[in-house]
Participant: 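A single structure is presented below for examination.
One is the number of the first residue; the rest follow in order along the sequence.
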Amino acid sequence: QVYLAESGGGLVQAGGSLRLSCVASRLTFSRYALGWFRQAPGKEREFVAAISRSGGSTYYADSVKGRFTISRDNDKKTVFLELNTLKPEDTAVYYCAADHTILTAQPGRVPSSYDYWGQGTQVTVSS
């Protein structure tokens, strides 16, 4: 069974930083594009960032562009999300997801594009 495990969430003051990690198991990691989504209470799950299979292309939601950075280490089967200059509106549960796709495909920006999901990690930003 495929398993994605997020870690690194926590409570941080506005302007602070966090680094989220997501480790995959039982997955041919390099065959998957990877994404980060988030969901705040009472809101739909929204796209945050995605990275291609090779790691050569990255994509961001406008709301996080310039503040968040996605990266991956295929040898360690891990995807990272660096969160900088955090704002209270970034408060949410953050989920990583894996999308089995062809090498040249752009990762999806909707949850239905993804095949596997982690359980999420809470990020809380205080003002």
Participant: With Phe29 as reference, evaluate Val23, Asp75, Asn74 under the side chain to side chain contact (heavy atoms under 4.5 Å, CB included) test and give the passing residue.
Facilitator: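 Filter result, single survivor: Asn74.
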
Participant: State, with a plain yes or no, whether a side-chain heavy atom of Gln39 is found less than 4.5 Å away from one of Glu46.
Facilitator: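 A side-chain contact under 4.5 Å is absent here.
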
Participant: State whether the side chain of Asp115 and the backbone N or O of His100 hold a donor-acceptor pair below 3.5 Å, judged by distance alone.
Facilitator: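 Flag set: sc Asp115 to bb His100 pair under 3.5 Å.
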
Participant: Parallel, tilted or perpendicular, judged at 30° and 60°: which one describes the rings of Tyr114 and Phe37?
Facilitator: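 It falls in the perpendicular class, over 60°.
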
Participant: So, Arg72 side chain and Ser52 main chain: donor-acceptor pair closer than 3.5 Å or not?
Facilitator: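 Yes, the answer is positive, given that a donor and an acceptor are paired below the 3.5 Å cut-off.
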
Participant: Spell out, as yes or no, whether a donor-acceptor pair under 3.5 Å connects the side chain of Arg31 to the backbone of Leu27.
Facilitator: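 No, Arg31 side chain to Leu27 backbone: no donor-acceptor pair under 3.5 Å.
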
Participant: When you measure from the side chain of Arg53 to the backbone of Thr101, do you find a donor-acceptor pair of N or O atoms at a distance under 3.5 Å?
Facilitator: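 Side chain of Arg53 to backbone of Thr101: a pair is present.
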
Participant: Of all heavy-atom pairs between Thr85 and Asp90, which one has the smallest distance, and what is that distance?
Facilitator: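 Nearest pair, atom of Thr85 first, then Asp90: O-OD2, 4.4 Å.
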
Participant: Which atoms form the tightest heavy-atom contact between Tyr60 and Arg109, and what is the distance?
Facilitator: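 Heavy-atom minimum between the residues: O-NH1, 3.4 Å.
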
Participant: Below 4.5 Å, heavy atoms only, C-beta onward: do Pro88 and Gln13 meet side chain to side chain?
Facilitator: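 Pro88 does not reach Gln13 side chain to side chain.
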
Participant: Of all heavy-atom pairs between Ala92 and Ala40, which one has the smallest distance, and what is that distance?
Facilitator: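 Scanning both residues completely, I find the closest heavy atoms to be CB-N, 3.8 Å.
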
Participant: Mind checking whether Phe68 and Phe47 sit in one hydrophobic cluster, side chains of I, L, V, M, F, W, Y counted as touching below 4.5 Å?
Facilitator: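 No, no single cluster joins them.
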
Participant: For the OG atom of Ser17 and the CG atom of Leu83, what is their distance to the nearest 0.5 Å?
Facilitator: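 That separation rounds to 8.0 Å.
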
Participant: If you look at every heavy atom in Cys96 and Val79, which pair is closest and at what distance?
Facilitator: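 For Cys96 and Val79, the tightest heavy-atom pair comes out as CB-CG1, 4.4 Å.
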
Participant: Check Ala97 against Leu4 and note the closest heavy-atom contact, atom names and distance.
Facilitator: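 Heavy atoms only, the tightest pair is CA-CD1, 4.0 Å.
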
Participant: So, Thr121 side chain and Gly9 main chain: donor-acceptor pair closer than 3.5 Å or not?
Facilitator: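 Yes; at least one donor-acceptor contact below 3.5 Å.
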
Participant: Tell me whether Glu6 contacts the main-chain N or O of Gly120 through its side chain, where contact means a donor paired with an acceptor under 3.5 Å.
Facilitator: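 Yes, the answer is positive, given that a donor and an acceptor are paired below the 3.5 Å cut-off.
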
Participant: Say you draw a straight line from CD of Glu82 to CZ of Arg67; how long is it, rounded to the nearest 0.5 Å?
Facilitator: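 Atom-to-atom, Glu82:CD and Arg67:CZ are 12.5 Å apart.
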
Participant: Could you see if Tyr95 belongs to whatever hydrophobic cluster contains Tyr32? Use Ile, Leu, Val, Met, Phe, Trp, Tyr and a side-chain cutoff under 4.5 Å.
Facilitator: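 No, Tyr95 does not connect to Tyr32 through the hydrophobic network.
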
Participant: Any sub-3.5 Å donor-acceptor pair from Lys87's side-chain atoms to Gly15's backbone N or O?
Facilitator: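 No: the side chain of Lys87 does not pair with the backbone of Gly15.
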
Participant: Starting at CD of Gln106, measure out to OG of Ser57 and round the result to the nearest 0.5 Å.
Facilitator: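 Here the rounded value is 8.0 Å.
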
Participant: Under the side chain to side chain contact (heavy atoms under 4.5 Å, CB included) criterion, do Asp99 and Leu34 qualify, and how do the steps go?
Facilitator: CA-CA 6 Å; Asp99 173 14; Leu34 301 164; over 6 Å; no

Participant: Following the transitive rule for hydrophobic clusters with a side-chain heavy-atom cut-off under 4.5 Å over Ile, Leu, Val, Met, Phe, Trp and Tyr, establish whether Val48 and Ile51 coincide in one cluster.
Facilitator: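 Hydrophobic grouping puts Val48 with Ile51.
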
Participant: Linking I/L/V/M/F/W/Y whenever any side-chain heavy atoms sit under 4.5 Å apart, do Tyr116 and Val110 land together?
Facilitator: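 Tyr116 and Val110: separate clusters.
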
Participant: Would one find more than 12 heavy atoms of other residues, nucleotides or ligands at under 6.0 Å from atom CD of Gln119?
Facilitator: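 Not more than 12 within 6.0 Å, no.
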
Participant: Run through Leu20, Val93, Leu11, Leu81 and flag the one making a side chain to side chain contact (heavy atoms under 4.5 Å, CB included) with Val123.
Facilitator: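 Between Val123 and the candidates, side chain to side chain contact (heavy atoms under 4.5 Å, CB included) is satisfied uniquely by Leu20.
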
Participant: Rounded to the nearest 0.5 Å, what separation is found between the OG atom of Ser126 and the CG atom of Leu86?
Facilitator: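 Between atom OG of Ser126 and atom CG of Leu86 there are 10.0 Å.
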
Participant: Does NZ or CZ of Arg19 fall inside the cone over Phe80's six-membered ring, less than 6.0 Å from its centre and within 45° of the axis?
Facilitator: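 The answer is yes; both the distance and angle limits are met.
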
Participant: Could you check whether any side-chain N or O of Thr91 sits under 3.5 Å from a backbone N or O of Val125, counting only pairs where one atom can act as donor and the other as acceptor?
Facilitator: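 Yes; judged by distance alone, with no hydrogens or angles, the pair exists.
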
Participant: Specify the closest pair of heavy atoms between Trp117 and Pro111, including all atoms of both residues, with the distance to one decimal.
Facilitator: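 Answer, listing the atom of Trp117 first, then Pro111: CZ2-O, 3.5 Å.
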
Participant: Quick check on the hydrophobic clustering: are Tyr94 and Ile70 connected, directly or via other members, by side-chain heavy-atom contacts under 4.5 Å?
Facilitator: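 Yes: a chain of side-chain contacts under 4.5 Å links Tyr94 to Ile70.
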
